[in-house]
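Below: the structure, in structure tokens.
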Amino acid sequence: MALELFNTLSGKIEPLFASDGHALRFYCCGPTVYDYGHIGNFRTFLHVDMLRRTARLYGMGLHHVMNITDVDDKIIRNAGNAGLPIGEYTAKFERAFFEDMDALGVERPEQIARATENIGDMVTLIERLAAQDIAYKAEDGSWYFRIARFPEYGKLSKKDFEGIEDGARVDVDEYDKDAARDFALWKATKPGETSWDTALGKGRPGWHIECSAMAMKYLGDSFDLHAGGEDLMFPHHENEIAQSECATHQPFARHWFHVRFLLVEGKKMSKSEGNFYTLRDLLLKGHRASAIRFLLLSVPYRHQLNFTFDGLTESTNAVERLRTFYTRIRDGKWPESAPADDSVAAAIRLGDEKFTAALGNDLNTAEARAAIFDVLRAVNSAADQSKLTRTDADAMLALLAKFDSIFAVLEDHDAELTRAAIAWAESEGRLGEADASLLATLSLSDADIDALVAERTLAKKQRNFARADAVRNELLEKGILLEDSKDGVRWKRK
RNA sequence: GCACCGGUGGCGAAGUGGCUAACGCGCUGGUCUGCAAAACCAGUAUUCAUGGGUUCGACCCCCAUCCGGUGCUCCA
């Protein structure tokens, strides 16, 4: 069975495959490291991660390149305000970015490419375009791309630029360029700005050129897939195609993957709306990294997701149910006897097929989720009726491992991730932003909790239920939930 | 203005021209429990924004209307 994926370029769902027969060569537009990442950024990276993991599930190797934009206008401005060299400024946010990616369970690409470390390749690419008179130098020393020379411009975003060039010269703000749509390849430096002294003159790269140069450097002139947020489709990706295909006369990326923007509480996320959240903001409010991951992945990537706190609570509960189920099957003592019938095995097999097929169908994560919950109910039910055997349990664990190779939420690292966020807030003098009850919960060590649980168990043995309930309530107030079972008491942090 | 996407139960969200409209969360009742929690069982949309049309048959196709969102500029 093939993995099928919507291709922005063709406008159709098409099979995705590694054209070299080994590894899927793909490029993902990474972050501009000028600030902490927000949940909108992470929705995109999370779905690229979903794509990675699904491609692997479908048997493909991976060669994934992601850039880090570590020089641009905002970086120069912010680093200047902070009085830091840009390298020092960006290093901090690059580190933070990867910490956040780790917290969300996003796998690292095989290769990270920093713009400032590949300037020479960008210069070479611009020179190749200049040799064909497709790149030209304007009066101020900046270099631009002559869009009129690429008739296919607009093929990705399905825009028609017929006639636009004609009116360009009336645009007085753009007097440096030959045409209004022409975009910068190389920006001449203003005094005091970071610059590179190259054959093109003193300056720094335009934004688009870095992705073209680095993608082709590491993946070849033509490669399998290029990914990014929907906003990048135009003009960023359109410009990448123009630069690259004019230079090489080869198709650039075969498949284009764009992740839709999310809404927050029904509106586009923005600082002025007050609905702008970084991952760290949410962790400090007591939300779990796993729930954030699960929520952002639960709505398929081509649909708009409305991020709400109710939705986050729902995801927290859904993940909790999956984990409870997982530990139950993993830790339970299931009889070695042969199953009375194959109904459980059949349910697991069907769930497995549905799960894989759903992902293969343009990454339908909602359906994939549903397939797992169907099996969960069937197996829980069998377990309750003492009909679950070791063989079935092992099959279930194998399916859960497959599920988790994609969704990656079963192993519980939430408390340690939250602690890390708090430690970060403390070091930044931002502990005041942390939720008070969260701090209370984390103030109890595991040993403290175990001691209180033991006290309650003793009280119960003595049938002193008043005392037992008091302890349970005390723990509950601090966010610790107790569960009695045949095998003893389990507790978990809410 | 032009273009695009969407409107499915209390909420989130799949889905198909024709079997009982997935799944999750929530809620209600039951089983279990000292009581809870967890788990399971049952219930929770005669209906898929509205009005027309095509069809033997549409939530799914077409047209119109209303509503929400997005892009056309930096933005994941």
Side-chain angles (χ1 to χ4, degrees), chain A residues 11 28-32 34-35 37-48 69 72-74 154 157-161 164 207 227-236 258-263 266-271 276 291 294-296 298-308 310-325 327-328 332 351 354 358 361 364-385 459-461 463-466 468-469 472-473 475-476 480-486 489-492 494:
Chain A
C28 167
C29 288
T32 301
Y34 69 99
D35 204 347
H38 59 253
I39 52 174
N41 298 117
F42 292 120
R43 163 136 134 126
T44 297
F45 296 118
L46 242 4
H47 280 281
V48 172
T69 300
D72 90 322
D73 294 341
K74 286 190 287 278
S157 52
K158 320 287 182 245
K159 289 181 191 299
D160 184 2
F161 294 102
I164 284 178
W207 173 36
E230 63 166 338
D231 58 306
L232 299 182
M233 198 161 88
F234 182 86
H236 184 56
H258 290 104
V259 179
R260 212 145 173 216
F261 265 11
L262 58 67
L263 261 38
K267 290 191 173 142
K268 183 169 173 172
M269 179 168 63
S270 74
K271 286 183 177 163
F276 184 95
F294 201 59
L295 174 59
L296 293 178
S298 288
V299 175
Y301 74 97
R302 284 210 287 148
H303 292 259
Q304 202 164 52
L305 159 72
N306 185 12
F307 183 96
T308 64
D310 286 348
L312 202 47
T313 302
E314 178 198 316
S315 286
T316 306
N317 294 342
V319 169
E320 200 52 49
R321 186 168 170 213
L322 288 165
R323 285 179 177 171
T324 302
F325 174 69
T327 52
R328 177 184 196 188
K354 280 185 168 175
N361 177 21
N364 192 334
T365 49
E367 231 178 318
R369 249 184 72 142
I372 293 301
F373 278 104
D374 278 334
V375 182
L376 178 151
R377 246 183 301 107
V379 172
N380 254 335
S381 186
D384 273 14
Q385 296 169 284
K460 273 176 62 177
K461 251 185 207 146
R463 305 199 62 80
N464 182 356
F465 294 122
D469 290 353
R472 186 171 65 195
N473 287 335
L475 285 167
L476 189 62
I480 311 297
L481 218 58
L482 299 190
E483 285 174 22
D484 294 339
S485 78
K486 299 187 275 300
V489 184
R490 275 193 305 267
W491 60 263
K492 56 193 181 192
K494 261 204 297 192

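A note on names: the letters A, B, ... follow the listed sequences, proteins ahead of strands, and every chain is numbered from 1.
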What's the [atom1]-[atom2] distance between [X] and [N], to the nearest Å?
| X | N | atom1 | atom2 | result |
| --- | --- | --- | --- | --- |
| A:Lys267 | B:G69 | NZ | P | 8 Å |
| A:Asn306 | B:U8 | CG | P | 12 Å |
| A:Gln385 | B:C41 | CD | P | 8 Å |
| A:Leu305 | B:G12 | CG | C1' | 10 Å |
| A:Tyr301 | B:A13 | OH | P | 18 Å |
| A:Met269 | B:C75 | CE | P | 14 Å |

With respect to the side chain of [X], which nucleotide from [options] is positioned closest?
| X | options | answer |
| --- | --- | --- |
| A:Glu483 | B:U70, B:A38, B:G34 | B:A38 |
| A:Phe261 | B:G71, B:C74, B:A39 | B:G71 |
| A:Pro300 | B:A76, B:A14, B:G34 | B:A14 |
| A:Gln304 | B:C75, B:U70, B:A38 | B:U70 |

Once you apply the 3.5 Å cut-off to both distances, tell me the Watson-Crick or G-U wobble partner of [N], or none.
| N | result |
| --- | --- |
| B:C4 | B:G69 |
| B:A22 | none |
| B:C59 | none |

Just to confirm, is there a sub-4.0 Å distance from OP1 or OP2 of [N] to any side-chain nitrogen or oxygen of [X]?
| X | N | value |
| --- | --- | --- |
| A:His303 | B:G69 | no |
| A:Lys158 | B:G71 | no |
| A:Asn364 | B:A14 | no |

Quiz item: Is the A:Tyr301 ring parallel, tilted or perpendicular to the A:His47 ring (thresholds 30°, 60°)?
Solution: tilted
Quiz item: Starting at the 5' end of RNA chain B and moving along, which residue's nearest nucleotide shows up first, A:Asp469 or A:Leu481?
Solution: A:Asp469
Exercise. Assign each of A:Ser485 and A:Arg260 to its nearest nucleotide of RNA chain B by heavy atoms, then name whichever residue's nucleotide is nearer the 5' end.
Key: A:Arg260
Exercise. Please assess A:Leu262 against A:Leu296 for the test side chain to side chain contact (heavy atoms under 4.5 Å, CB included), listing each intermediate value before the final yes or no.
Key: CA-CA 9 Å; A:Leu262 58 67; A:Leu296 293 178; 3.7 Å; yes
Practice problem: Could you tell me whether the side chain of A:Asp231 has a donor or acceptor atom within less than 3.5 Å of a complementary atom in the base of B:G71? | Solution: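 Answer no: no donor N or O sits under 3.5 Å from an acceptor.
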Quiz item: Is there a donor and acceptor pair closer than 3.5 Å between the side chain of A:Arg490 and the base of B:A37?
Solution: no
[atom1] atom, [N] versus [M]: distance in rounded Å?
| N | M | atom1 | answer |
| --- | --- | --- | --- |
| B:G43 | B:U20 | P | 16 Å |
| B:A38 | B:C11 | C1' | 24 Å |
| B:C23 | B:A64 | C1' | 34 Å |
| B:U8 | B:A49 | C1' | 10 Å |

Quiz item: So, do A:Trp207 and A:Asp72 sit near enough that their side-chain heavy atoms are less than 4.5 Å apart?
Solution: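 Contact flag for A:Trp207/A:Asp72 side chains = no.
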Quiz item: Should A:Leu376 and A:Phe373 be marked as a side chain to side chain contact (heavy atoms under 4.5 Å, CB included) after you check the CA-CA gap, both sets of side-chain angles, and the distance that decides it?
Solution: CA-CA 5 Å; A:Leu376 178 151; A:Phe373 278 104; 4.3 Å; yes
Quiz item: If the sugar-phosphate is the primed atoms plus P, OP1 and OP2 and the base is the rest, what is the B/S/- string for nucleotides 21-30 of chain B, using protein heavy atoms under 4.0 Å?
Solution: -BSBSS----
Exercise. Nearest 0.5 Å please: distance from the NZ atom of A:Lys492 over to the CZ atom of A:Arg323.
Key: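 Answer for the NZ-CZ pair, A:Lys492 versus A:Arg323, is 10.0 Å.
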